[in-house]
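All heavy atoms count here, side chains included; hydrogens, waters and symmetry mates do not. Throughout, protein chains are lettered first and strands after them, A, B, ... in sequence-line order, and every chain is numbered starting at 1. The shown structure was predicted, so the numbers you read here are calculated from the model rather than taken from an experiment.
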Protein chains: 2
Amino acid sequence: MGGPKEIQRQTGVALWRQIADRIRASINHGDFDATGMVPPETVLAQQFGVNRHTVRSALAALGQEGVVRAVQGRGTLIERKERLNFPISKRTRFSQGIGDQVRETRGLLLALAEEPASAEVARWLKLSEGTGVIRFETLGTADQRPVSRATSWFPGDRFAGIGEAYRKTGSITKAFREMGLLDYIRAMTEISAVHAEAGDIADLELSPGAIAMVTRALNIDLSGVPVQYSISRFAADRVQFTIEN
Amino acid sequence: MGGPKEIQRQTGVALWRQIADRIRASINHGDFDATGMVPPETVLAQQFGVNRHTVRSALAALGQEGVVRAVQGRGTLIERKERLNFPISKRTRFSQGIGDQVRETRGLLLALAEEPASAEVARWLKLSEGTGVIRFETLGTADQRPVSRATSWFPGDRFAGIGEAYRKTGSITKAFREMGLLDYIRAMTEISAVHAEAGDIADLELSPGAIAMVTRALNIDLSGVPVQYSISRFAADRVQFTIEN
DNA sequence: GAAAATTTGTCCGTATGTATT
DNA sequence: AAATACATACGGACAAATTTT
């Protein structure tokens with residue numbers, strides 16, 4: 001396909017938008033399946049008979065959609081996506097819910113600290129502000145792909161040593177069990193969506209402009225005492241949530 | 001603040017990124033509260049000592065974040081955002097949940113049609129594929145701002161005439177009541193986030209690159225019979241969802 | 001391992017179109 | 001009608017990252 005593709009000027013539809021639509025269609029049609037990449041910008045520019053910058057605008061739009069991901073020096077990769085489903089219920093656990101969808105799930109402890117509770121953390125954990133809490137920074141992966149980046153807080157007195165337990169097991173549920181907490185309940189989950197920030201892009205291997213779904217969740221024990229408050233940031237193009245009532 | 005602002009070249013951080021960060025900071029600092037708008041691109045370009053296109057890259061990034069919204073011929077408006085909270089539970093209803101957060105909520109019926117059920121709709125409503133269903137296209141607004149754009153399907157035989165009832169009342173709950181269905185339950189809700197498509201941008205008054213949260217939900221009556229399946233698209237920067245267990 | 005080629009990223013400059021004031 | 005302001009498109013130059021030679 002050497003000749004210039006049929007895109008039209010002065011129609012009220014911007015060239016970059018027409019080109020983006022055509023490239024998306026080609027991707028969906030499987031034209032680039034051999035390489036998994038879009039042709040170089042210079043090649044596309046020549047094929048469409050436009051300036052390279054116009055092609056870049058088109059690819060930028062597709063990047064925002066999550067259809068492609070540009071890598072400097074390498075090329076523009078086509079993103080394949082299968083979404084993991086996270087069921088949210090009283091029994092919500094990270095690894096359990098998606099256990100049947102992937103081969104391997106892991107929780108990696110990035111950082112662990114003991115600190116005084118902020119006003120927000122204290123409110124959710126029903127502690128006095130400044131009480132000692134344990135903070136986890138964890139990365140959730142499924143099949144070697146990062147899926148979520150979470151910050152969790154636990155009451156410090158009750159769960160001293162939970163860091164070790166988590167390192168050993170790679171699971172909050174199992175760590176709780178080692179600490180004598182046999183069961184817990186998801187009391188509240190809040191979900192919103194934002195544009196990925198620099199930290200998300202690094203931790204979750206996202207492209208700039210990607211979407212992060214942010215959840216704030218509270219877990220309580222069977223007598224209603226808060227045991228974990230966490231803020232998680234998910235790679236939006238790799239997950240969805242379901243609530244079954 | 002007349003002179004050129006301090007942005008640095010050759011630091012490994014792109015000029016447009018530095019400028020975006022500075023403009024965001026100025027907005028948060030309230031520097032532009034008088035007009036509610038960012039200064040014109042040409043002015044910013046001069047202030048920062050860069051080309052207008054570099055400023056445009058910065059503003060485009062802020063547009064993606066939802067911080068600003070450019071309007072051709074007018075200027076670049078600063079977006080104020082207060083997020084509406086949508087509780088999701090067995091008793092989930094659009095207007096009820098957010099009733100205490102806004103002064104006025106409305107549901108507007110954009111389109112109404114009777115059609116044969118697609119495979120997907122039939123599966124959720126537990127009908128045979130091709131059975132007659134009623135399709136609603138509705139726009140949800142809160143305080144004159146569009147919040148959600150929903151497509152809903154109802155079993156055609158049971159709810160013939162529901163369009164009229166909805167037009168009169170502006171509420172699904174009340175329309176159901178007029179049809180003799182006094183109560184219903186939210187059985188399932190699925191939440192994901194995507195980049196807004198052209199339709200979202202038009203209906204929800206979003207900027208290109210904004211985020212849409214997509215929910216798929218099923219309502220059933222008290223004996224478990226499906227009464228409504230709907231796919232809704234929310235302006236992500238105006239909403240959040242909470243699940244209370 | 002080093003050099004060259006390839007490919008995307010950033011920035012500037014200019015011109016013209018389109019929408020609003 | 002004119003001025004203002006954003007939108008699109010082109011052209012060039014160089015930087016940065018990766019792959020190939």
* **Whole-Å gap separating C1' (D:dT8) and CD (A:Gln18)** => 12 Å
* Asked: Does the distance from a Lys or Arg side-chain N to an Asp or Glu carboxylate O, for B:Glu65 and B:Arg24, drop under 4.0 Å?
  -> yes
* Asked: Hey, mind stepping through A:Glu82 and A:Arg238 against salt bridge (charged side-chain N to carboxylate O under 4.0 Å, His left out) and telling me if it holds?
  -> CA-CA 6 Å; A:Glu82 317 145 22; A:Arg238 304 205 263 273; over 6 Å; no
* To do: Using Watson-Crick or G-U wobble geometry with both distances below 3.5 Å, tell me the partner of D:dA1, or none.
  => none
* To do: Look at the aromatic rings of B:Trp153 and B:Tyr229 and report parallel, tilted or perpendicular, splitting at 30° and 60°.
  => parallel
* Asked: Expressed in angstrom and rounded to an integer, what is the separation of B:Ile19 atom CD1 from C:dT10 atom C1'?
  -> 12 Å
* **First of A:Arg52 and A:Gly12 reached from the 5' end of DNA chain C, by closest nucleotide** => A:Arg52
* Asked: Hey, does the side chain of B:Thr76 come within less than 4.0 Å of D:dC6's phosphate (OP1/OP2), counting only N and O?
  -> yes
* Among the candidates D:dC10, C:dG9, D:dC6, find the nucleotide nearest to the side-chain atoms of A:Arg56. => C:dG9
* side chain to side chain contact (heavy atoms under 4.5 Å, CB included) between A:Thr215 and A:Arg233, intermediate numbers included -> CA-CA 6 Å; A:Thr215 67; A:Arg233 305 177 70 89; over 6 Å; no
* With a 6.0 Å cut-off on ring centres, are B:Phe241 and A:Phe241 close enough? -> no
* Structure fact -> Per atom distances to the B:Glu41 side chain, the nearest of C:dC11, C:dT8, D:dC6 is D:dC6
* Asked: Which whole-number value in Å describes the distance from B:Arg17 CZ to C:dT10 C1'?
  -> 13 Å
* To do: Name the residue closer to the 5' end of DNA chain D, choosing between B:Pro40 and B:Gln10 according to the nucleotide with the nearest heavy atom.
  => B:Pro40
* Taking N and O atoms by type only, does the side chain of A:His53 place a donor or acceptor under 3.5 Å from a partner on the base of C:dG9? -> no
* Between P of D:dC10 and CH2 of A:Trp16, the distance in whole Å -> 14 Å
* Interatomic distance where CZ belongs to B:Arg9 and P belongs to D:dC14 [whole Å] -> 15 Å
* **Whole angstrom value for the distance that separates P of D:dT8 from CD of B:Gln72** => 7 Å
* **Phosphate OP1/OP2 of C:dT7: any A:Thr42 side-chain N/O under 4.0 Å** => no
* Do the side-chain N or O atoms of A:Arg74 get closer than 4.0 angstrom to the phosphate oxygens (OP1, OP2) of D:dA17? -> no
* Structure fact -> Here the distance between atom P of D:dA16 and atom CG of B:Leu15, to the nearest Å, is 12 Å
* To do: Nearest whole angstrom, please: distance from the C1' of D:dT4 to the CG of B:Leu44.
  => 15 Å
* Tell me whether the OP1 or OP2 atom of C:dC11 has a side-chain N or O from B:Asn51 closer than 4.0 Å. => no
